[in-house]
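The structure appears below as C-alpha cells.
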Amino acid sequence: MTVAQQAPPVSGLTHDQVRAVLPHRWPMLLLDRVVKVVPGVKGTATKNVTGTELWFQGHFPGQAVLPGVVVLEAMAQLAGVVFALAGASEISYLAGVRSMRFRRPVVPGDQLVLTAEQTGGGSGFAEYRVSARVDGQVAAEGNLTIADPATQRSVRKV
C-alpha cells in the first residue's frame, strides 16, 4: 500500500471489533480496546490486567505477576492489527523478536498501554517497534516481526 493509498486512521475499536480483525479468542485475545490505528503505520491499544486471568493461578501464587510472554503477545496482537488493517490476511504470525526488555513487573490492577510503530518491512512482513507502559512507566519494549503466511513462498523440496 503506498502513502497515497493509505487507509484512514481507525479509532476506538472495542473488544468485539478487535475480534473481527484478529482470529484470537479467549483466553488468548488480550486486547481490550484499540485506541487508534493508522493502518500499516502505527497503533495504540489497552489491556486491563485482572486478578482473575488464568495465568495468575500459577505465576506466582501469593505474588501475582503477568508473564512476560503474555505482555509480548499483547504487543504482537497490536502489531497484527496494524498489519491486518493495512491489507494483510486474517492470520499473521509472530516471526521474530529482537532486543526485548522487561523493565518492571505487571500485576493485577495495572492497565497496559501498548504501542506499535512500523519501522520496516517488505513483501508479506513488517517490523515494529513496540512498547507496553503502566502509568507512564515502560514495562516492556523491543522489536517484533510479523509475517503474512499467505504471501510467503513455499519451501521447495529437494
Side-chain angles (χ1 to χ4, degrees), residues 7-121 125-149:
V10 178
S11 296
L13 292 177
T14 65
H15 183 76
D16 287 339
Q17 290 169 318
V18 172
R19 285 171 47 108
V21 176
L22 294 179
H24 302 72
R25 296 296 177 258
W26 187 90
M28 288 307 300
L29 181 57
L30 301 173
L31 303 179
D32 290 312
R33 175 173 292 277
V34 173
V35 178
K36 185 173 183 178
V37 171
V38 178
V41 180
K42 63 184 177 179
T44 304
T46 58
K47 188 223 176 325
N48 298 312
V49 181
T50 66
T52 58
E53 294 180 48
L54 65 95
W55 351 95
F56 295 127
Q57 293 177 26
H59 198 268
F60 299 102
Q63 187 174 348
V65 175
L66 188 67
V69 297
V70 175
V71 177
L72 172 67
E73 175 66 21
M75 293 184 291
Q77 287 182 18
L78 174 58
V81 169
V82 174
F83 194 45
L85 291 178
S89 61
E90 179 181 314
I91 295 180
S92 295
Y93 295 132
L94 175 61
V97 178
R98 288 185 299 110
S99 306
M100 190 59 61
R101 298 287 182 261
F102 297 91
R103 308 272 186 210
R104 73 177 292 279
V106 177
V107 298
D110 285 346
Q111 181 182 64
L112 287 172
V113 177
L114 309 162
T115 61
E117 184 166 358
Q118 186 173 349
T119 58
F125 75 96
E127 295 177 353
Y128 294 89
R129 178 77 183 150
V130 295
S131 72
R133 294 177 182 270
V134 175
D135 295 329
Q137 293 182 321
V138 175
E141 61 186 348
N143 298 288
L144 303 177
T145 302
I146 305 293
D148 182 349

Euclidean distance, L13 CG relative to L31 CG, rounded to 0.5 Å: 10.0 Å
Atom pair CD (Q57) and OG1 (T52), whose distance is rounded to the nearest 0.5 Å: 9.5 Å
Least distance between heavy atoms, A140 atom then M75 atom: CB-CE, 4.0 Å
L78 to A116 - nearest heavy-atom pair and separation: CD2-N, 3.6 Å
Q137 side chain reached by R103 side chain, heavy atoms, under 4.5 Å: no
Exam field: side chain Q77 to backbone L30, donor-acceptor pair closer than 3.5 Å: yes
Sidechain-backbone polar pair: D32 side chain, N48 backbone, donor-acceptor under 3.5 Å: yes
Spatial distance of atom CD (Q118) from atom NZ (K42) [nearest 0.5 Å]: 12.5 Å
Min side-chain heavy-atom separation F56-L66 under 4.5 Å: yes
Closest non-hydrogen atom pair, P9 against P39: CA-CD, 4.2 Å
Pairwise side-chain contact, W55 with V49, heavy-atom cut-off 4.5 Å (strictly under): no
Residue pair T46 / L112, side-chain heavy-atom distance below 4.5 Å: no
Smallest separation among heavy atoms of P105 and V65, with atom names: CB-CG1, 4.2 Å
V35 side chain near V113 side chain, heavy-atom distance below 4.5 Å: no
Taking every non-hydrogen atom, the tightest pair across A147 and A95: CB-CB, 3.9 Å
pair V10-Q17: side-chain heavy atoms closer than 4.5 Å: no
Expected output: side-chain H59 to main-chain A64 donor-acceptor under 3.5 Å: no
Side-chain donor or acceptor of R104 paired with backbone N/O of R133 under 3.5 Å: no
Residue pair R33, T14: steps toward the side chain to side chain contact (heavy atoms under 4.5 Å, CB included) verdict: CA-CA 5 Å; R33 175 173 292 277; T14 65; 4.0 Å; yes
Worked verdict on L144 versus M100 for side chain to side chain contact (heavy atoms under 4.5 Å, CB included): CA-CA 9 Å; L144 303 177; M100 190 59 61; 3.8 Å; yes
Test log, rule side chain to side chain contact (heavy atoms under 4.5 Å, CB included), inputs H15 and L29: CA-CA 9 Å; H15 183 76; L29 181 57; 3.4 Å; yes
Considering all heavy atoms, the nearest S11-K36 contact: OG-CG, 3.9 Å
Student check: side-chain heavy atoms of T44 and L114 closer than 4.5 Å: no
Any E127 side-chain heavy atom under 4.5 Å of T145 side chain: yes
